[in-house]
Amino acid sequence: LADRLQSTVKKMTGKGKVSEQDVKEMTREVRLALLEADVNFKVVKDFVKRIKERAVGAEVMDSLTPGQQVIKIVKEELTDLMGGEQSKIAVSERPPTVIMMVGLQGAGKTTTSGKLANHLRKKHNRKPLLVAADVYRPAAIDQLQTVGKQLDIPVFSKGTEANPVDIANEAILHAKEEHLDYVIIDTAGRLHVDEHLMDELGQIKNNLTPDEIFLVVDAMTGQDAVNVAESFDDQLDLSGVVLTKLDGDTRGGAALSIKAVTQKPIKFAGMGEKLDELEAFHPERMASRILGMGDVLSLIEKAQDNVDETKAKELEQKMRSATFTFDDFLEQMEQVKSMGPMEDLLGMIPGANKMKGLKNVQFDDKQIVHVEAIVKSMTKAERQDPSLMNASRKKRIAKGSGRPVSEVNRLLKQFEEMKKMMKQMSGTQGGKKGKRKKG
Ligand code: GDP
Ligand code: MG
């Protein structure tokens, strides 16, 4: 999806004038792109129709930058399609609030249960209880217990013999006694939607009347995710959806159509395997991401979570202005280290996914120490202007840092790629210049 839309967007960005033919061509591209991304056919049809109507309308034709305007419309409509931001979680008047997590096996229920508990505690100051109601696989219970241990959040379990409804009921009593205010029930999944699973989940639901029923879906599964969402919603009347594995190479189709098909909000996004990698789902950012403008906002937010605000602003400035030297690189390395894996960060930078060279940029976190050693072996002048480093200097730097010359060379190359990318990013974000180089 991204590739196709991005090339269309690129074409449109440079347009000083948009003809009806242009609009036609563009909506055709958008249509193909969405279908290619497995977006539900009907959703695509409606979507394209709205774009067309708006794009040939006065707001575009009379605008000074029609190309930009059309992109804005596509972005707005994409955002709309995915719904507003809705990361709110119910609060029961009579605690505990009960949240039931459902979904297919491997979707990320157990992980997301842990993430959600962590989120409730951290952001809402709540005391959650995790409940192991997946009684079919002993490993599933162990897994939740491990998650609980990692987070230091209690886990209620009764082994594999008890029935999930009883487990959940007892867990709620237990939560009341212990004054825990959220009960998160990790239920069993199957490889496919089947009757038995739905019956079991239906029973839990009828017995507990949970305040929230969240469907956990793997964003990587495309159109399948939409079908899964539809079945679960038919049976259980979901209250929301959590899309997991959005950190992966998703086609984006799932996010686009789940909301449109089920009318249920996508509340959170799983952005990695770690238990703090859960984010509120931001439709607008998702739309930008699909359009290839990158997820600068998320990046900045992430920076703010981990480093102080002035530092984060500086980082943003540097990245936008692309005046980035090895000194900045070094200085920020410390902060960046606390922001999580480099690859995640790069994924959020506009254009980064489009840079072929970047695929070879391996920012293995363990290597950061080595990178630091290398940069520290450069002279002040070299850090400002890497072109000063000739072969013999590179050898010296390698020696000084205790790393092979090949690694020094690689770092220099990576740094150039990064600068190139930042330049590209500032072009995209600045948005004033229509013209951009290809690639
Ligand atoms: P369950 O069977 O639905 O309980 O799924 P699990 O919670 O056991 O997750 C299945 C796999 O997906 C595990 O390896 C998780 O680490 C992984 N996983 C879950 N959420 C995410 C996510 O947001 N991103 C990534 N990359 N992996 C995830
Ligand atoms: Mg599980």
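All values reported here derive from a predicted model rather than from experimental measurement. The residues of the chain are indexed from 1 along the displayed sequence.
Residue Asp152 qualifies as open at atom CG: its count of foreign heavy atoms under 6.0 Å is 12 or below. In Glu195, the CD atom is not crowded: 12 or fewer heavy atoms of neighbouring residues, nucleotides or ligands sit closer than 6.0 Å. Atom NE2 of His192 has 12 or fewer neighbouring heavy atoms from other residues, nucleotides or ligands inside a 6.0 Å radius.
Considering only heavy atoms from C-beta on, Arg121 comes within 4.5 Å of Leu151 through its side chain. No side-chain heavy atom of Lys413 sits less than 4.5 Å from a side-chain heavy atom of Glu416. Between Pro96 and Leu180, the closest side-chain pair of non-hydrogen atoms is not below 4.5 Å. At a threshold of 4.5 Å between non-hydrogen side-chain atoms, the residues Gln143 and Thr111 count as touching. Residues His196 and Glu200 are in side-chain contact: their nearest non-hydrogen atoms beyond the backbone lie under 4.5 Å apart. Using a 4.5 Å heavy-atom threshold, the side chains of Glu407 and Ile374 count as touching. Proximity of Leu278 to Asn118: side-chain heavy atoms (C-beta onward) are nowhere separated by under 4.5 Å.
Taken to the nearest 0.5 Å, the CG atom of Asp181 stands 11.0 Å off from the NE2 atom of His179. Note that CE of Met100 is 4.5 Å distant from CG of Leu201, once rounded to the nearest 0.5 Å. Of the inter-residue distances, the one linking Asn227 atom CG with Thr221 atom OG1 reads 9.5 Å to the nearest 0.5 angstrom.
Of all the heavy atoms in Ala398 and Pro404, the pair that sits closest is CB-C, 4.0 Å.
Here the two rings, on His119 and Phe268, have centers that are under 6.0 Å apart.
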**Asked** Where do Val193 and Leu104 land on the side chain to side chain contact (heavy atoms under 4.5 Å, CB included) test, with the steps shown first?
**Response** CA-CA 7 Å; Val193 174; Leu104 294 184; 4.2 Å; yes

**Message:** Evaluate Phe214 against Ile184 for side chain to side chain contact (heavy atoms under 4.5 Å, CB included), listing each step before the verdict.
**Reply:** CA-CA 10 Å; Phe214 289 156; Ile184 300 172; over 6 Å; no

**Request:** Quick one: do Leu130 and Asp186 satisfy side chain to side chain contact (heavy atoms under 4.5 Å, CB included)? Show the steps, please.
**Result:** CA-CA 7 Å; Leu130 288 164; Asp186 180 27; over 6 Å; no

**Message:** Run the side chain to side chain contact (heavy atoms under 4.5 Å, CB included) test on Val147 and Gln145 for me, step by step, so that the C-alpha distance in whole Å, both residues' side-chain angles and the decisive distance to 0.1 Å come before the verdict.
**Reply:** CA-CA 5 Å; Val147 165; Gln145 253 148 4; over 6 Å; no

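The side-chain contact (heavy atoms from CB on, under 4.5 Å) with Tyr182 is formed by just one residue from the set Val98, Asp211, Thr97; it is Thr97.
Pairs passing the side-chain hydrogen bond (donor to acceptor under 3.5 Å, both in side chains) check and including a residue from residues 156-178, sequence neighbours excluded, read Lys158-Glu170.
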Mind listing the side-chain donor-acceptor pairs of residues 232-242 below 3.5 Å, one per line with the distance, residues two or more places apart or on another chain?
{"residue": "Asp233", "atom": "OD1", "partner": "Leu238", "partner atom": "N", "Å": "2.9"}
{"residue": "Asp233", "atom": "OD1", "partner": "Lys264", "partner atom": "NZ", "Å": "2.6"}
{"residue": "Asp233", "atom": "OD2", "partner": "Lys264", "partner atom": "NZ", "Å": "3.4"}
{"residue": "Asp237", "atom": "OD1", "partner": "Lys264", "partner atom": "NZ", "Å": "2.7"}
{"residue": "Ser239", "atom": "OG", "partner": "Glu212", "partner atom": "OE1", "Å": "2.6"}
{"residue": "Ser239", "atom": "OG", "partner": "Ile213", "partner atom": "N", "Å": "2.8"}
{"residue": "Ser239", "atom": "OG", "partner": "Ile213", "partner atom": "O", "Å": "3.2"}

